[in-house]
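As structure tokens, the structure follows; a few thoughts come after it.
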Amino acid sequence: MRVTQLLAPTLREVPAEAEVISHRLMLRAGMIRKTTSGVYTYLPLAQRILQKIAAIVREEMNRAGGLEVGLPIMQPAELWQESGRWAVYGDEMFRLQDRHQRDFCLGPTHEEIITDLVRNEVHSYKQLPLLLYQIQNKYRDERRPRFGLMRCREFIMKDLYSFDRDEAGLEVSYQKMYNAYSQAFQRCGLQFRAVEADSGAIGGNASHEFMVLAGSGEALVVHCDQCGYAANVEKAEASPELLQEGLEPGALQRVHTPGVCTVVEVTTFLGISAQEVLKTLFYEAEFTTHRELIAVVIRGDRNINETKLLNRLGCLRLELASDTLIKKTTGASPGFVGPIGLKGIRILVDTEVPLMVQAVVGANQDDYHYRYADPGRDFPLDEVADLRMVEAVEPCPHCGNSLVQSHGIEVGHIFKLGTKYSSAMGARFLDEKGQEQLIVMGCYGIGVSRTMAAAIEQNYDANGIKWPVAIAPYHVIIVPVSFQDEQQRTVAEKLYNGLLKVGVEAILDDRLDRAGVKFKDADLIGYPYRITIGPKALKDGEVEVRCRITGEDFRLKIEEVVQWLADQVHSQLHGFV
RNA sequence: CGGGGCAUAGCUCAGUUUGGUAGAGCGCCUGCCUUGGGAGCAGGAGGCCGCACGUUCAAGUCGUGUUGCCCCGACCA
């Protein structure tokens, strides 16, 4: 490719709409343009990158035994009504009607479609296991698209669905995918971590997320260097901290605490630490059939993990209760509520609560607290559960070593689905005994367009992007300082052709612009290697090579540079396989 | 969905307070010159000032409505 023939309109200034680094750089590098909120057009450079990511993913899916299919984007409402999700999916689903007013949606995911295919075509245990996947656009009407390609309404996703005859088979498929995902992200040249994840509303009992580690990541994960435990903080187990071991219980004491509402105020007023306070939060939990007020008790210095709470309760939605409702129920304002004497309300306590013997709690009367509350003695411990968010620094729940916290971008997510869809939609097979059995399913997604953005979030500097070789739009850019100079031009063409011959993807900057312009664009777009052809090195029969990733500069003989670059590129492309 | 902000040239933004013939820098086109980190000179093209209605002799500017976009929050198989 020659730069004069490429469409890569680079921008000197940062478009006002972009905040996130990957978004800004892709706009500036002439890779993407916004079509409407959450919908982008991919220009040639981005398209090449996406295809490279997709190719790696495709190879790994195939290697794991996956079969590629092409599923429809436009899907009939009937299938979604069968699974029950037409009603549940809500505003996030793009819906449309045809001229006969029949309902359709644009696929946000493809469980229904694929289950429909499999129930029609698979009838025997001999046809299982089956791994089917596609790489395709997905549509979700996000409430708030943002961060450029990170959260779009239209995006590219690889989704694979596994079909097995039983749980043991699912476990095998799941492991295959876990390994394939690890391999795929490694080959993309990304630093990532697989973490245990909450399986959310999709159900199932096991789930891992693949996180590209980057400071700008939305997700918080913790991991242990010692034993390898890693989890999203939404999921991470919290090990209870023993603080008041051996302490003798005291007599419950009601103290006047006028206007002292928050944990901080309580600790200051009483001269104690937040660890000695128990706070009580009231949630309104929405179940399928009813709404219920729930009290949750947790140590004053801890935070509730609402994901854990929601899972524990098995409710659809959680919301902190309003002050009015709290007052009506307990007779006290939120700052003075506590578990003692609460009647007719389900009380959940965090695992650390029973370990305390002298706690300060609200007295359910404004301007009063209790001291020396003894959990179990002064209020019931009927429901004890891990309900707290793990902190930045705390011991690993498995080995006790210190956990490390980091930010990540979710680029892959694998789930065990079980029989949720096969039972709803009747996907069954006959086993050896002629018995009808439900197919056991798993689903596995990789955000392809998001992976492109995540790669940038992890690899950039003040001058632009630093693509890993495996997913770079081209491996090498050749920059003659002056393309009008005949000698430089001749060398440039020779190297260009030489690189193509040895399988290195080269692009020649044949523009008549000044060198500075070409250097700036090369850095911005982020080609891994740049060959500079200029008078300085040329007089020694050499050219300069700069590595974008490490910043290293090399001077190489003209005759040697092609092979040298071929070695560099190929070792990075195939080093992992 | 709640809160905030923005909308003028391809991009970044002035101009709106106090109504009076549309501006700058960058980019783009032509020519000259130049070529090692976004050069210089000369000339040029490019705007329903988001849209609609209203006030006014006169609206980019004032009023009402509307649409789109961005940010924060809630939400996120």
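A, B, ... follow the sequence lines: proteins, then strands. Residue 1 opens every chain.
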Query raised in the report: Taking atom types as they are modelled, is there a donor-acceptor pair under 3.5 Å from the base of B:A77 to the side chain of A:R85?
Result: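 When only heavy-atom distances are counted, A:R85 does not reach the base of B:A77 through any donor-acceptor pair under 3.5 Å.
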**Report entry** Any N/O donor-acceptor pair, A:E13 side-chain to B:G25 base, under 3.5 Å
**Finding:**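 Indeed, a donor on one side and an acceptor on the other fall under 3.5 Å apart.
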Query raised in the report: B:G65 and B:G3: how far apart are their P atoms, nearest whole angstrom?
Result: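 It works out to 15 Å between them.
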Query raised in the report: C1' atom, B:U8 versus B:C49: distance in rounded Å?
Result: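 Rounded to whole Å, the distance is 4 Å.
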Closest approach to the side chain of [X], judged atom by atom: which nucleotide of [options] is it?
| X | options | value |
| --- | --- | --- |
| A:R153 | B:C76, B:C69, B:C75 | B:C69 |
| A:R146 | B:C69, B:C75, B:A77 | B:C75 |
| A:R151 | B:C76, B:A77, B:G38 | B:C76 |
| A:F415 | B:G37, B:G38, B:A77 | B:A77 |
| A:A16 | B:G36, B:C72, B:C13 | B:C13 |
| A:S37 | B:G36, B:C69, B:A77 | B:C69 |
| A:T36 | B:G68, B:G36, B:G38 | B:G68 |
| A:R143 | B:G73, B:C75, B:A77 | B:C75 |
| A:R12 | B:U12, B:G38, B:C71 | B:G38 |
| A:P15 | B:A77, B:U12, B:C72 | B:U12 |

For [X], which contact category applies under a 4.0 Å heavy-atom criterion: base, sugar-phosphate, or nothing?
| X | result |
| --- | --- |
| A:V14 | sugar-phosphate |
| A:M157 | base |
| A:D485 | nothing |
| A:D523 | base |
| A:R28 | base |
| A:P9 | nothing |

**Report entry** Cation-aromatic face contact A:R530/A:F519, 6.0 Å, 45 degrees
**Finding:**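 Yes, A:R530 and A:F519 form such a contact.
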Query - A:Y178 and its ring pair (Phe, Tyr, Trp, His ring centres under 6.0 Å) partner, picked from A:F415, A:Y444, A:F185, A:F210 - result: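 That would be A:F210; it is the only one of A:F415, A:Y444, A:F185, A:F210 passing the ring pair (Phe, Tyr, Trp, His ring centres under 6.0 Å) with A:Y178.
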Show every donor-acceptor pair shorter than 3.5 Å between a side-chain atom in residues 13-22 of chain A and any protein atom, with sequence neighbours excluded, or say none if there are none.
from: A:E17; atom 1: OE1; to: A:K34; atom 2: NZ; distance (Å): 3.3
from: A:S22; atom 1: OG; to: A:E457; atom 2: OE2; distance (Å): 2.7

Report task. Please list, chain by chain and in numerical order, all residues satisfying side-chain hydrogen bond (donor to acceptor under 3.5 Å, both in side chains) with A:W80, sequence neighbours excluded. Result ->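 Expected list: A:Q75.
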Query raised in the report: Between A:R85 and A:Y421, do the side chains contain an N or O donor and an N or O acceptor separated by less than 3.5 Å?
Result: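 Side chains of A:R85 and A:Y421: pair found under 3.5 Å.
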Query - Donor on one side chain, acceptor on other, A:E306 and A:Y283, under 3.5 Å - result: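 Side-chain D/A pair, A:E306 to A:Y283: present.
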Requested in this report: Report the C-alpha separation of A:D198 and A:N311 in whole Å, then their side-chain angles, then the decisive distance to 0.1 Å, and conclude whether the side chain to side chain donor-acceptor pair (under 3.5 Å) test is met.
Outcome: CA-CA 9 Å; A:D198 179 62; A:N311 288 340; 2.6 Å; yes
Query raised in the report: Just by protein heavy atoms under 4.0 Å, how would nucleotides 42-52 of chain B read 5' to 3' in B, S and -?
Result: -----------
**Report entry** Stepwise side chain to side chain contact (heavy atoms under 4.5 Å, CB included) test for A:E552 and A:F554
**Finding:** CA-CA 7 Å; A:E552 291 171 288; A:F554 305 92; 3.7 Å; yes
